[in-house]
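Read the structure below first, then the notes.
By convention in this document, chain letters (A, B, ...) are assigned in the order of the sequence lines, proteins followed by strands, and residues within each chain are numbered from 1.
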Number of protein chains: 2
Amino acid sequence: MAVQTRATLHDVARLAGVSAKTVSRVYSQRDLVAPDTVERVMSAAKRLRFRPNLLAQSLRRGGGATTVGFIMGELLNPFYYTVAAGIERELALHGFALIVATTDDSVEGEARVADTLLSQRVGALLMIPVGEDQSYLEGERQLGTPVIAIDRPARDLVADSVVLANRAGAYEATRALISRGHRRIAYICNPASVYTQVERVTGYRAALASAGIDPDPRWERLLDDPASSPESVVRDLMVQPSVPTAIIAGNNRVCIGAVRATLEMPAPPALIGFDDFETADVLGISVVGHDPMEMGRRAARLAVERMRDPIGFTTQLELPTRLIARGSGERAPALSESSR
Amino acid sequence: MAVQTRATLHDVARLAGVSAKTVSRVYSQRDLVAPDTVERVMSAAKRLRFRPNLLAQSLRRGGGATTVGFIMGELLNPFYYTVAAGIERELALHGFALIVATTDDSVEGEARVADTLLSQRVGALLMIPVGEDQSYLEGERQLGTPVIAIDRPARDLVADSVVLANRAGAYEATRALISRGHRRIAYICNPASVYTQVERVTGYRAALASAGIDPDPRWERLLDDPASSPESVVRDLMVQPSVPTAIIAGNNRVCIGAVRATLEMPAPPALIGFDDFETADVLGISVVGHDPMEMGRRAARLAVERMRDPIGFTTQLELPTRLIARGSGERAPALSESSR
DNA sequence: ACAGAACGAGACAGCGATGACACTAGCACT
DNA sequence: AGTGCTAGTGTCATCGCTGTCTCGTTCTGT
């Protein structure tokens, strides 16, 4: 088993009878090289299976990075990986490779992987911020590594960001329920202290207020307990003396939990989820949908722009949501319930 | 806005009043350095926000890569990204970063991204092979970049691989249906010419044969048409003069399509899917389940081993599947059908 | 007290590539 | 003939870092 070593520019140069610089020229195509020299070089390169070393190249060229890092909570969450897919596609278009790193949604994890990625000299850092504070990246930004926050704006850090119209989405969903006659509308989410949920709850309350309904703490289940299952939260809610006639689930996990909990009920409450999910149509679940892939694409595009022009103004992008009616959100309140 | 440049070893050395090599020693911890020198260096490094350049480091150290590449069809497929999640976790444990690249399941895409990744000098290449032939990577393998094939073995290439017990899984599912009294069992998949499906179909036929049932081409819908929707294929199948009493769906897409197609039927056929999916329990769909995350982990572990020891024997790993009963696969054939 | 080990730190080269600059040959023009 | 240009190529230094070698200092044992 011949364990050879990888050929370098010099090996190719020697075989082709030219200088290393000329081989470099052939590959970078920035300079003129005589056609037959090109041919000699190319054939030598092919014979040696030469492949330019991008690491050495970007070192020499002074940091022109070829990779971009994406810091996400975990790859198993459909929302996250759909964003990742969008990022990957957009970056591929511009010739960048994507390094993904997961944090398990922990603050230490975030700092740790950010550190690793920066040591890898990624050209930009895309992230779904977890911690309360991303100021530890401010220095890096000044050193020329742009940071793009996705889904939640970064805290204490100058960074571009791409977020959803969370308030408007929740507002619209709540209004839709109200217009069907619902007055007792629950909002359930877990975790609740993240930016997106805070925004959505605000939209939810605003919609209630606009209809003259006082928000009722009984129907706001804003949890921050990774251990508690959404399903049991919903079950618990539905055995109270006074039950809501409609539920808004703050994210897809809670929504699926709510589906599980209410599937067998004789008169299930109306249900609207936030975030679309694969089998939502099969299950007939109405949701506040949006386009996570597009979020990723936009974020990647911002990153590419920032790498080219580090000194532009930072951009805050808000992407729209839209209510997708599939049945579960259009159920009217049960008669006995609607007249309390 | 002060656009500074990133500090290097030399900058730190100058500020700390030592040589660059000593700073290097402090960071690599392979050599002895006096405690107060360490402290001086560290404080200088912190002041300059120094962060060692891993690219330069691995260049100098001669290729000791810090990244591993994963070539996948597309990030949107739940199976693929779950594998990716497993890979990422395992790699993180060993200090490698993961670069993901997608091919849109095209052969050219595969070759293109493999090229990019190899130029990035990834330490290993993990891939879900698409093409008929991965021999173009043989040279790279000899040059020291191990290749690990996932889900499907590589063709014409010495590579470790991690695959599922496809035949056994399909065999078990088919036998289970037979034992409930089914005789007319359809197998639907798209695409059909990939390794996994060929194996599964083989298992399916073997099970039929073992029960003395002749395979019937009417009930094998082996498509290779990305455009045709699984749902319509199933609908079409169910309006034939003679309908099957049970369906095996070759992958999760087909399975979800089958669910859509049969949901409203008064007497739906029994249904078993291949690959588990998020809401399968809610929908009561029996599946041949397996553990894609574990596949990713195992593949990553193999990659790490190979990077450490390039000359071991190649390993072929086969991971088990298991039949998960949730109702849809346990339906007995309709009476009028079972006695034909 | 002195040889030899052990420790701590610097000088230098070089990983694989490219930017800056220099140089030659050939041609067109005055 | 002399000048200026261009096309095509080579030399050298260097990107940020570390392996190897070297050297001065302190410590150890007899």
What is the separation between atom [atom1] on [X] and atom [atom2] on [N], rounded to the nearest whole Å?
{"X": "A:Q29", "N": "D:dG8", "atom1": "CD", "atom2": "P", "result": "15 Å"}
{"X": "B:R121", "N": "C:dC15", "atom1": "CZ", "atom2": "P", "result": "14 Å"}
{"X": "B:L54", "N": "D:dG16", "atom1": "CG", "atom2": "P", "result": "15 Å"}
{"X": "B:R14", "N": "D:dC17", "atom1": "CZ", "atom2": "P", "result": "12 Å"}
{"X": "B:L32", "N": "C:dG10", "atom1": "CG", "atom2": "C1'", "result": "16 Å"}
{"X": "B:L59", "N": "C:dC15", "atom1": "CG", "atom2": "C1'", "result": "4 Å"}

Residues [X] and [Y] bridged, charged N to O under 4.0 Å:
{"X": "A:R141", "Y": "A:E138", "result": "yes"}
{"X": "B:R51", "Y": "A:D115", "result": "yes"}
{"X": "A:R298", "Y": "A:E294", "result": "yes"}

- Task: State the CZ-CG distance between A:R6 and A:D11, to the nearest 0.5 angstrom.
- Result: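 If I round to the nearest 0.5 Å, the distance is 12.5 Å.
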- Rounded to the nearest 0.5 Å, how far apart are CG of A:L48 and CG of A:L9?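 Rounded to the nearest 0.5 Å, the CG-CG separation comes to 11.5 Å.
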- Should the pair B:F50 and B:Y27 be assigned to parallel (<30°), tilted (30 to 60°) or perpendicular (>60°) ring geometry?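 Ring orientation, 0 to 90° scale: perpendicular.
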- Taking five pairs at each end, how big is the angle between the two axes of the helix from C:dA1-D:dT30 to C:dT30-D:dA1, to 10°? 40°
- With B:T116, which residues qualify under side chain to side chain contact (heavy atoms under 4.5 Å, CB included), at least two apart?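 Not a single residue meets the side chain to side chain contact (heavy atoms under 4.5 Å, CB included) criterion with B:T116.
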- Query: Is A:L76 close to B:M293 at the side-chain level, that is, under 4.5 Å between some pair of heavy atoms?
  - Reply: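 The answer is yes; the side chains approach within 4.5 Å.
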- Item | D:dG10 phosphate, OP1 or OP2, under 4.0 Å from A:S19 side-chain N/O |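 Yes.
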- Any side-chain N or O of A:T22 less than 4.0 Å from the OP1 or OP2 oxygen of D:dG10?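 It does, given that an N or O in the side chain of A:T22 lies less than 4.0 Å from OP1 or OP2 of D:dG10.
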Would you mind writing out the side-chain donor-acceptor pairs for residues 92-111 of chain B within the sub-3.5 Å range, not counting sequence neighbours?
unit_1, atom_1, unit_2, atom_2, d
B:H94, NE2, B:E90, OE2, 3.1
B:T102, OG1, A:E88, OE1, 2.6
B:T102, OG1, A:E88, OE2, 3.4
B:T103, OG1, B:M72, O, 3.3
B:T103, OG1, B:D105, N, 3.0
B:D105, OD1, B:Y80, OH, 3.2
B:S106, OG, B:T103, O, 3.1
B:S106, OG, B:G109, N, 2.9
B:E110, OE1, B:V130, N, 2.7
B:E110, OE2, B:Q134, NE2, 3.0
B:E110, OE2, B:Y136, OH, 2.9

Considering only nitrogen or oxygen atoms on both sides, find all protein atoms under 3.5 Å from nucleotides 18-21 of chain D and state each distance.
unit_1, atom_1, unit_2, atom_2, d
D:dT18, OP1, B:Q57, OE1, 3.0
D:dT18, OP2, B:S24, OG, 2.8
D:dT18, O2, B:R60, NH1, 2.1
D:dG19, N7, B:K21, NZ, 2.8

Donor-acceptor list for residues 32-42 of chain B side chains, cut-off 3.5 Å, not counting sequence neighbours:
unit_1, atom_1, unit_2, atom_2, d
B:R40, NE, B:A16, O, 3.0
B:R40, NH2, B:A16, O, 3.4

- Message: Let's see if you get this right: which residues in residues 33-49 of chain A place a heavy atom under 4.0 Å from DNA chain D?
- Response: A:V33, A:A34, A:T37
- Shortest non-hydrogen contact from A:R306 to A:P146? CB-CB, 3.5 Å
